[in-house]
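Okay, structure first, notes after.
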Amino acid sequence: MKRLDTKSHCPINFSLEAFGDHWSLLIIRDILYFGKNTYGEFIESEERISSNILASRLAHLELKGILIKKPHATDKRKEVYILSDKGLDLIPILLDLADWGAQYDPVTDAPQEWISAVKADRESMIRLIRDTVRNGGSIFSGPNSVVSKYHLKENDCEMEEEK
């Protein structure tokens, strides 16, 4: 029988028990960065999570209040997973993990412009990511992505400077 209580009340232990395995963090990454939100989209991620682990992690993240499961808007056979406010509060952690990984992985896929943009105005970027994801967008994918909004802002600033 699985324990329902935590092993200790250390805040790091609490955090790790809530989301600390790498599969859970990759699911959250897929929602934030790439706009994935269905079981089928998660299973197609390049890390190749097995179906039983994916089902287990989705259920765990939902139980911990990090994800909310809803029926799909157009296909009633599917369900979508969105981040709760508690899940959205993980944005700074994922940004820090990406920054650390980009710094130490010599062959990182992280766009340096993105890492620099986050470092340049972290708090504004966190608010923009939170609002975008809350409204169904993501950081990199889709017409309402953070990157597309950020580039528009950069262009607006450049236009303002030219005037």
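Note that the structure is predicted; figures quoted are calculated from it, not measured.
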Side chains of F42 and L26: does their closest heavy-atom pair fall under 4.5 Å?
-> no

Backbone N or O of S51 within a donor-acceptor pair of the Y39 side chain at under 3.5 Å?
-> yes

Please walk me through it: do I28 and I66 pass side-chain contact (heavy atoms from CB on, under 4.5 Å)?
-> CA-CA 9 Å; I28 295 165; I66 294 169; 4.0 Å; yes

Got a second to check how far S84's OG is from K69's NZ, nearest 0.5 Å?
-> 14.5 Å

Quick one: OG1 on T132 to CD1 on I139, what's the gap to the nearest 0.5 Å?
-> 8.5 Å

How far apart are the C-alpha atoms of H72 and N37, what are their side-chain angles, what is the distance that settles it, and do they pass the side-chain contact (heavy atoms from CB on, under 4.5 Å) test?
-> CA-CA 10 Å; H72 193 279; N37 63 9; 5.6 Å; no

Please round to the nearest 0.5 Å and tell me the distance separating atom OG of S50 and atom CH2 of W23.
-> 7.0 Å

Is there a donor-acceptor pair under 3.5 Å between the side chain of S15 and the backbone N or O of P11?
-> yes

Could you go through the side-chain contact (heavy atoms from CB on, under 4.5 Å) check for S24 and K64 one step at a time?
-> CA-CA 11 Å; S24 295; K64 293 295 185 178; over 6 Å; no

Tracing side-chain links under 4.5 Å among I, L, V, M, F, W and Y, which residues wind up in one group with I12?
-> L16

Calculate, to the nearest 0.5 Å, the distance between atoms CD1 and CZ belonging to I129 and R134 respectively.
-> 13.0 Å

Looking only at atom types and distance, does a side-chain atom of T108 sit under 3.5 Å from a main-chain N or O of D105, one as donor and one as acceptor?
-> no

Between CD on residue E79 and CD1 on residue I68, distance to nearest 0.5 Å = 13.5 Å

Using the side-chain contact (heavy atoms from CB on, under 4.5 Å) rule, take F34 and S138 through it: C-alpha gap first, then chi angles, then the decisive distance, then the call.
-> CA-CA 6 Å; F34 307 114; S138 70; 5.5 Å; no

Do I91 and M125 have side chains that get closer than 4.5 Å, going by heavy atoms?
-> no

Residues in ring-ring contact (aromatic ring centres under 6.0 Å, His included) with W114, at least two apart?
-> F140

Within the side chain of D30, is there an N or O that forms a donor-acceptor pair under 3.5 Å with the backbone of K36?
-> no

Please round to the nearest 0.5 Å and tell me the distance separating atom NE2 of H22 and atom CD1 of I27.
-> 10.0 Å

